[in-house]
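In what follows, a structure is listed as structure tokens, so that the remarks can point back to it.
Naming: A, B, ... by sequence-line order, numbering from 1 per chain.
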There are 2 protein chains.
Amino acid sequence: MERLQELIQEFKQHGYKMTPQRRAIIEIITGCVSVHPTAEQIHERMLERMPDTSLATVYNTLRELVAIGQVYELNLGHGVRQYELSRDEHAHLVCLNCGKIADVKGDFRQLASLFPDCNGFHPVRHQVTIFGLCASCRET
Amino acid sequence: MERLQELIQEFKQHGYKMTPQRRAIIEIITGCVSVHPTAEQIHERMLERMPDTSLATVYNTLRELVAIGQVYELNLGHGVRQYELSRDEHAHLVCLNCGKIADVKGDFRQLASLFPDCNGFHPVRHQVTIFGLCASCRET
DNA sequence: CTCACTGCAAACTATTTGCATCGTA
DNA sequence: TACGATGCAAATAGTTTGCAGTGAG
């Protein structure tokens, strides 16, 4: 809940107007804890509340949220972009068989030290994706 | 060069027929050392040698190479898929400003240990992408 | 000689854009 | 009230598919 307020606050502070559509999108994405929804999925949820919402509005709002760093855009190898609230760092486990995605917390403090020679590159954030087989797909 | 032979070998062993188009695509991708070409870029290079080559053939061949694990498909956040020869593990540094991509070798042995609780997930390979600002974009 | 592979074009999916209208600040 | 935001539809970009003809094994 606090996170929702923070997002709304941050959003306004960047000069964006708060509209019912945007508030709804922010609420939806704030409610997605370990889901990584696509724009399409967020749009479906929007339609339940506001049946006239345009998919373009969803895309626009997501772009803005990504721009202010409150939402991350994930490219996990299906041709679709998925979104998640920016939060404590974690890696994504992607099952090569069923496509299921799981989050796993990790200790990222050492990560930078694994790559010593970055030649003046200044890291902002990192995305760690581990492809493999999930427990249930291994059995079969 | 050895790598080229290995790829061709591996490709045939999986029951795929070797055609001039496929050989050319394999040669091109083998020659891309620190480039991460898109299907479109590979196609352009193909046209220089074989002007009738279809983009669909490029996509098909890439899909096969990915399927046999000799080529990796990268989704680095521009809406395009990029390809690279599978080789020793490295991370990708992606500049948020200019989009330039650099490879950086790292010691991945410890990576798994950063994520202790993977709940039966069996990792096959991992993709580490670091977003940030490259040296030249930092200056300006 | 067969069946996988090719080129072409059309189909499809995901995302972006242009524009008239609407509503927040 | 002004200007940014919206919905709609059309446009674009990237990728896949269907099909008739071709060529590798």
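- Applying the side-chain contact (heavy atoms from CB on, under 4.5 Å) rule to E44(B) yields the partners E40(B); only residues at least two apart in sequence or on another chain are considered.
- The distance from atom CE of M46(A) to atom C1' of dA5(D) is 12 Å, rounded to the nearest whole Å.
- Distance, H43(A) NE2 to dT6(D) P: 12 Å, rounded to whole Å.
- Rounded to whole Å, the distance from NE2 on H78(B) to P on dT15(D) is 12 Å.
- Atom P of nucleotide dT6(D) and atom CG of L47(A) are separated by 15 Å, given to the nearest angstrom.
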Counting primed atoms, P, OP1 and OP2 as sugar-phosphate and everything else as base, the B/S/- map of nucleotides 6-16 of chain C against protein heavy atoms under 4.0 Å is SBB-----SBB
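- For the side chain to side chain contact (heavy atoms under 4.5 Å, CB included) test with I26(A), the passing option among L85(A), V71(A), L7(A) is L7(A); the others fail.
- Applying side chain to side chain donor-acceptor pair (under 3.5 Å) to Q70(B) and the options R3(B), E64(B), R87(B), H14(B) leaves one that passes, R3(B).
- Atom-to-atom, CD1 of I25(A) to P of dG7(D) comes out at 8 Å; the value is rounded to the nearest Å.
- One atom, CG of L62(B), and another, C1' of dC5(C), lie 15 Å apart when rounded to the nearest Å.
- For the residue pair E84(B) and H90(B), a side-chain donor N or O sits within less than 3.5 Å of a side-chain acceptor on the partner.
- Ring geometry for H126(B) versus F108(B): interplanar angle under 30°, hence parallel rather than tilted (30 to 60°).
- The minimum heavy-atom distance linking H78(A) with R81(B) is given by the pair C-NH2, 4.1 Å.
- Look at CZ on R23(A): it is 17 Å from C1' on dT6(D), rounded to the nearest Å.
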